[in-house]
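Keep in mind it's a predicted model, so treat the numbers as computed, not measured.
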Amino acid sequence: MPSHESPELVDLFTTYTAGPGSIGSHLTRAAVEHGSADPLIVATSADFALYPGDGRPPTVEGFRLSTRGFKELAGVSHLGPAVATLVQLREKYADFGWRAEAERLLREVERSRAANSAELWRETIAVEAYRGREQAIADMVDYACAVTARYLRAGLADDPYLNSRTLREDYLEGGPCGQLPVPVNQMMIATFFLAGLDISHRILRWFSTQKIDWARAMVVIAGQQGRPTAGVTWNTSSVATMILGASEYQLPLERLYMAPHAPTFATPVDGDLAEVAALEEPLRRIWFNTRATVELGEVMFDGYPRYAPGQLKAPDVADPAVAEISEMPVIHGPDDWRAMTTRLRMVLEDPRQLLSGCVTDFAVRQLVEAGNDPAKVVVPGLDGVTYPTGL
């Protein structure tokens with residue numbers, strides 16, 4: 001023991017706090033045993049696991065690695081940031097490599113446009129949640145590639161044209177006096193929404209078959225979600241959004257814990273759930289250790305104001321005077337382009353956010369209200385929009 005420590009007082013510390021034999025650990029073990037029959041839901045970056053309780057075997061449902069069409073849609077939705085990156089290289093950093101990168105992006109855009117078709121989306125990618133919208137998606141992709149190629153060619157022909165003003169005015173926002181029939185900003189929202197629609201539809205359906213008692217359910221969102229700084233709060237986790245929607249918003253928020261340092265399991269191969277099953281005990285211990293400490297508050301400080309978790313009130317950017325926000329703004333409907341475009345900016349600027357999750361909560365809420373029927377959901381930037389082809 002270091003010479004500056006008191007062995008007696010250190011032993012007092014470890015009696016309650018440290019080690020498997022501590023009083024605190026005793027409390028955790030008692031809580032785990034008491035709640036052994038309660039269902040535990042664990043979400044990793046790629047899968048959901050449900051531990052029904054009482055030693056029954058877990059079940060697992062993947063949601064990211066099995067997402068058909070996700071990469072294809074992401075390639076299109078990322079055209080905006082890709083072109084903006086070229087502008088930043090040229091304008092801010094005077095990096096002459098921007099030209100070679102622009103030529104490379106142009107080649108890939110043209111290859112993608114040539115490969116795109118309604119048949120590709122209907123027969124090869126074949127996403128159930130997109131059924132009936134394949135032609136509209138193909139038209140949107142064709143249009144996005146066409147207007148991107150046109151902007152890149154203009155910049156390659158005239159270097160000064162590739163700047164932040166023309167990026168916003170001529171490309172992202174639709175051009176002066178609406179020269180572009182559909183702004184690229186709307187296309188980005190549509191692609192992000194479609195990705196969230198598919199994942200949410202499948203996960204809501206899976207959860208509905210599990211017959212979970214949401215009042216007793218315990219939830220741990222474990223490990224890294226997206227970029228290292230993102231998805232670590234209720235309001236910034238698209239996974240939390242899906243779980244809350246699956247419960248039809250019955251799951252009490254105080255039973256959902258974000259645990260970025262909790263152990264995770266690899267996606268099971270060939271139905272082997274051994275690693276998933278082995279993690280049930282440590283994951284239950286994490287949930288109950290947190291819960292047991294939380295419950296001391298009522299025992300120790302009854303009569304004082306209690307902590308009541310709740311989602312922060314979403315700011316409303318309908319007022320054009322609102323210039324700054326710290327949380328995702330409320331979306332009033334599928335035509336609320338100011339709110340949705342503001343969300344595009346926020347997921348870039350706020351390191352807590354998941355880039356692909358900017359409208360997932362809106363997709364989830366529509367699905368819940370529509371009985372999880374994607375055909376009854378309005379996809380902003382796609383439904384009711386005509387993307388001209390052959391430009």
Q) Linking I/L/V/M/F/W/Y whenever any side-chain heavy atoms sit under 4.5 Å apart, do V330 and V317 land together? A) no
Q) Should the pair R153-E103 be classified as a salt bridge under the 4.0 Å nitrogen-to-oxygen rule? A) no
Q) Shared ILVMFWY cluster between V109 and V83, side chains joined below 4.5 angstrom? A) yes
Q. Do R104 and E108 sit within salt-bridge range, that is, some charged N less than 4.0 Å from a carboxylate O?
A. no
**Q.** Pairing of R306 and E254 as salt bridge, 4.0 angstrom limit
**A.** no
(Q) So that I can tick it off, tell me whether R133 and D383 are bridged by a salt bridge, with the cut-off set at under 4.0 angstrom between side-chain N and carboxylate O. (A) yes
Q. Rounded to the nearest 0.5 Å, what separation is found between the CD atom of E128 and the CZ atom of R202?
A. 9.5 Å
Q: Could you state whether V364 and F70 fall into the same hydrophobic cluster, counting links through intermediate Ile, Leu, Val, Met, Phe, Trp or Tyr residues with side-chain heavy atoms under 4.5 angstrom apart?
A: no
Q) Does R131 use its side chain to pair, donor to acceptor, with the backbone of A375 at less than 3.5 Å? A) no
Q. Do the numbers put R113 on top of the ring of Y143, so that NZ or CZ is under 6.0 Å from the six-membered ring centre and no more than 45° off the axis?
A. no
Q: Could you tell me whether R56 and D54 have a side-chain N and a carboxylate O separated by less than 4.0 Å?
A: no
Q | Short N-O contact, R29 and E33, less than 4.0 angstrom | A | no
Q) How about E281: does its CD atom have over 12 heavy atoms from other parts shown lying under 6.0 Å from it? A) no
Q. Is there a donor-acceptor pair closer than 3.5 Å between any side-chain N or O of R343 and the backbone N or O of A339?
A. no
Q) Would a distance-only check, ignoring hydrogens and angles, find a side-chain to backbone donor-acceptor pair under 3.5 Å from S200 to L197? A) no
(Q) Please determine whether a side-chain nitrogen of the Lys or Arg among D159 and R99 lies less than 4.0 Å from a carboxylate oxygen of the Asp or Glu. (A) yes
**Q.** For D158, all residues meeting side chain to side chain contact (heavy atoms under 4.5 Å, CB included), sequence neighbours excluded
**A.** P160, Y161
Q. Is N185 reaching over with its side chain to a backbone N or O of T341, donor-acceptor style, under 3.5 angstrom?
A. no
Q.
How long is the straight-line distance from CG of L172 back to CG of L167, given to the nearest 0.5 Å?
A. 4.5 Å
Q | Whether F193 and F362 hold their rings parallel, tilted or perpendicular, with breakpoints at 30° and 60° | A | perpendicular
Q: State the CG-CD distance between L50 and E61, to the nearest 0.5 angstrom.
A: 11.5 Å
Q. Is I325 reachable from W234 through a run of I, L, V, M, F, W or Y residues, each pair having side-chain heavy atoms under 4.5 Å apart?
A. no
Q: Would you check if the side chain of E369 reaches a backbone N or O of L367 as a donor-acceptor pair within less than 3.5 Å?
A: no
**Q.** Qualifying ring pair (Phe, Tyr, Trp, His ring centres under 6.0 Å) pairs with a residue from residues 210-232, counting only residues at least two apart or across chains
**A.** F207-W214
Q | R216, CZ: over 12 other non-hydrogen atoms inside 6.0 angstrom | A | yes
Q) For E295, does the CD atom sit with more than 12 other heavy atoms under 6.0 Å from it, leaving out its own atoms? A) yes
Q. Would you call R365-D361 a salt bridge at under 4.0 Å N-O?
A. no
Q) Is L251 linked to I203 within one hydrophobic cluster, defined over Ile, Leu, Val, Met, Phe, Trp and Tyr using a side-chain heavy-atom separation of less than 4.5 Å? A) yes
